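Computed from a prediction, not measured in an experiment: that's the story for all the values here. In what follows, chains carry the letters A, B, and so on, assigned in the order in which the sequence lines appear, proteins first and then strands, with residues in each chain numbered from 1.
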Protein chains: 2
Amino acid sequence: MKLTEQKRMQILDAAEELFHSNGVEHTSMDQLALQAKVSKRTVYNHFATKDALFQAILQRMFDKLAQGSEVRFNAAEPIDQQLRRIATDEVALLSSAAFLRVAKIAIMQVMQRPELAQLMSESSLGCKRYIDSFLTDACKAGVLQIADIPFAGKQFIYQLKSFVFYPSLFGLEQQTPAQQAHIIDEAIALFLARYQVK
Amino acid sequence: MKLTEQKRMQILDAAEELFHSNGVEHTSMDQLALQAKVSKRTVYNHFATKDALFQAILQRMFDKLAQGSEVRFNAAEPIDQQLRRIATDEVALLSSAAFLRVAKIAIMQVMQRPELAQLMSESSLGCKRYIDSFLTDACKAGVLQIADIPFAGKQFIYQLKSFVFYPSLFGLEQQTPAQQAHIIDEAIALFLARYQVK
DNA sequence: GATATAAACTACACCGTGCAGTTTACATGT
DNA sequence: ACATGTAAACTGCACGGTGTAGTTTATATC
């Protein structure tokens, strides 16, 4: 790898680390250069301003997370099994270190500068991308009966987010795999009790 | 009221306003004194440091929110009505300007200094205080059937938080009263579909 | 006489720049 | 294959400008 690419990566790695642990505002460019083992001038040769560096970090982290499999409805498979696959993927995402990092950095910035709020809500990761069409297909197949599909999709996702994501985000502990399994089971039970055609 | 108390209140009001709209870090003590219509020296006569002022603000805001009526289970009243009263109170709290202010300020600080995380989780506001005993009574009365009561209580509260609180917190719009009513209805429907004894 | 005010001041941290000198990557000539 | 040249990138350091926490001093007001 070229030297300049190497340095660029060192800078981004350091920024990711420091922005996450100290917050963007509390990370000085001197500190950052030190951690990256790079001169401050080099940082500024790669990124014109601190804000540009911040944007680049967010972009890189989003790109890392963008992939992920999509679950499509299958009439031949029990609905609870399918929901469990969706939920398991989602919980894995929500509790992954990578996701928590980008979420923390992004949310901290959004709360300090509310004008950036759109950026966050627009980005579509995980099952949010496909849950609506999944539920639509399940309704068409007569397996579920839902009046307001986008709302129901949110109800499902929010269960997982509330139990898995926010507690981790705010620094309360992570869940054990057994606890996660319980959360998933109960989210599905709640959802199907309301929407499954019996 | 004594002059000094009057000034103290002006300072706290200004701090609450500015810490909320600009963030603690982006509020200077000069700006704060200006907004409070008080000299900077007076601010420092009341509060030794910016951090002490911040602590006092948090305390005052928590105290303001601490009161709130408690709903106790009543076997003679339909369960959905009782849940609706609980949920309505909770949504009013979660969407109130006062609660959003303290939450935003507190969460921003917690995310920057994770060692304060306990402070947040310990503070018990709204229906979180009594929901467990309410559900316990309802189970004893044979109206509900719940294996894990604390978990079920969280499921109920998290529905409201997810749809009402977090979107407001992150600067996405507030809900209309009609939307809030819908959120409450659906949270209750979801909950009762799973736990009501039929 | 206690308290408030205004304004200037200290001390420091930080962003971003300029620059002289060094290192790296690589092409060209022998 | 090896030396040499060169352009691009990196380094280290000093510095201007700015913002801010907290203090001091001198003055006014209740």
Is any side-chain heavy atom of His20(A) closer than 4.5 Å to one of Val102(A)?
no
Atom pair distance, as rounded to whole Å: CG in Asn45(B) and C1' in dG22(D)
12 Å
Using heavy atoms to find the nearest nucleotide of DNA chain C for Lys40(A) and Val38(B) separately, return the residue whose nucleotide is more 5′.
Val38(B)
Taking the side chain from Lys7(A) and the backbone from His46(A), do they hold a donor-acceptor pair closer than 3.5 Å?
no
Quick check on the 6.0 Å ring-centre criterion: do Phe54(A) and Phe47(A) meet it?
no
When the distance from CG of Leu34(B) to C1' of dA7(C) is rounded to whole Å, what number comes out?
14 Å
With the side chain of Ser39(B) defined as its heavy atoms from C-beta on, choose the nearest nucleotide among dC10(D), dT5(C), dG16(C).
dT5(C)
Does Tyr158(B) have its ring centroid less than 6.0 Å away from the ring centroid of Phe163(A)?
yes
Rounding to an integer number of Å, can you tell me how far Asp51(B) CG sits from dT20(D) P?
17 Å
Which nucleotide sits closest to the side chain of His46(B): dA4(C), dC14(C), dG22(D)?
dA4(C)
Would you kindly check whether a donor in the side chain of Arg41(A) faces an acceptor in the base of dG12(D), or vice versa, at under 3.5 angstrom?
no
In whole angstroms, the gap separating C1' of dC9(C) from CG of Asp30(B) amounts to 12 Å
Nearest-angstrom distance from the residue atom NZ of Lys50(A) to P of dT18(D):
18 Å
Roughly how many Å is it from CD in Glu25(A) to P in dG19(D), rounded to a whole number?
15 Å
Should the ring pair Tyr166(B) and Tyr166(A) be called parallel, tilted or perpendicular, given that the plane angle runs from 0 to 90° and is split at 30 and 60?
parallel
Please report, rounded to the nearest Å, how far the P atom of dT20(D) is from the NE2 atom of His26(B).
9 Å
Please confirm whether the shortest side-chain N or O distance from Thr42(A) to OP1 or OP2 of dT11(D) is below 4.0 Å.
yes
Rounded distance (Å) that lies between atom C1' of dC10(D) and atom OH of Tyr44(A)
17 Å
Does a side-chain N or O of Lys7(A) approach OP1 or OP2 of dC10(D) to a distance below 4.0 Å, or not?
no
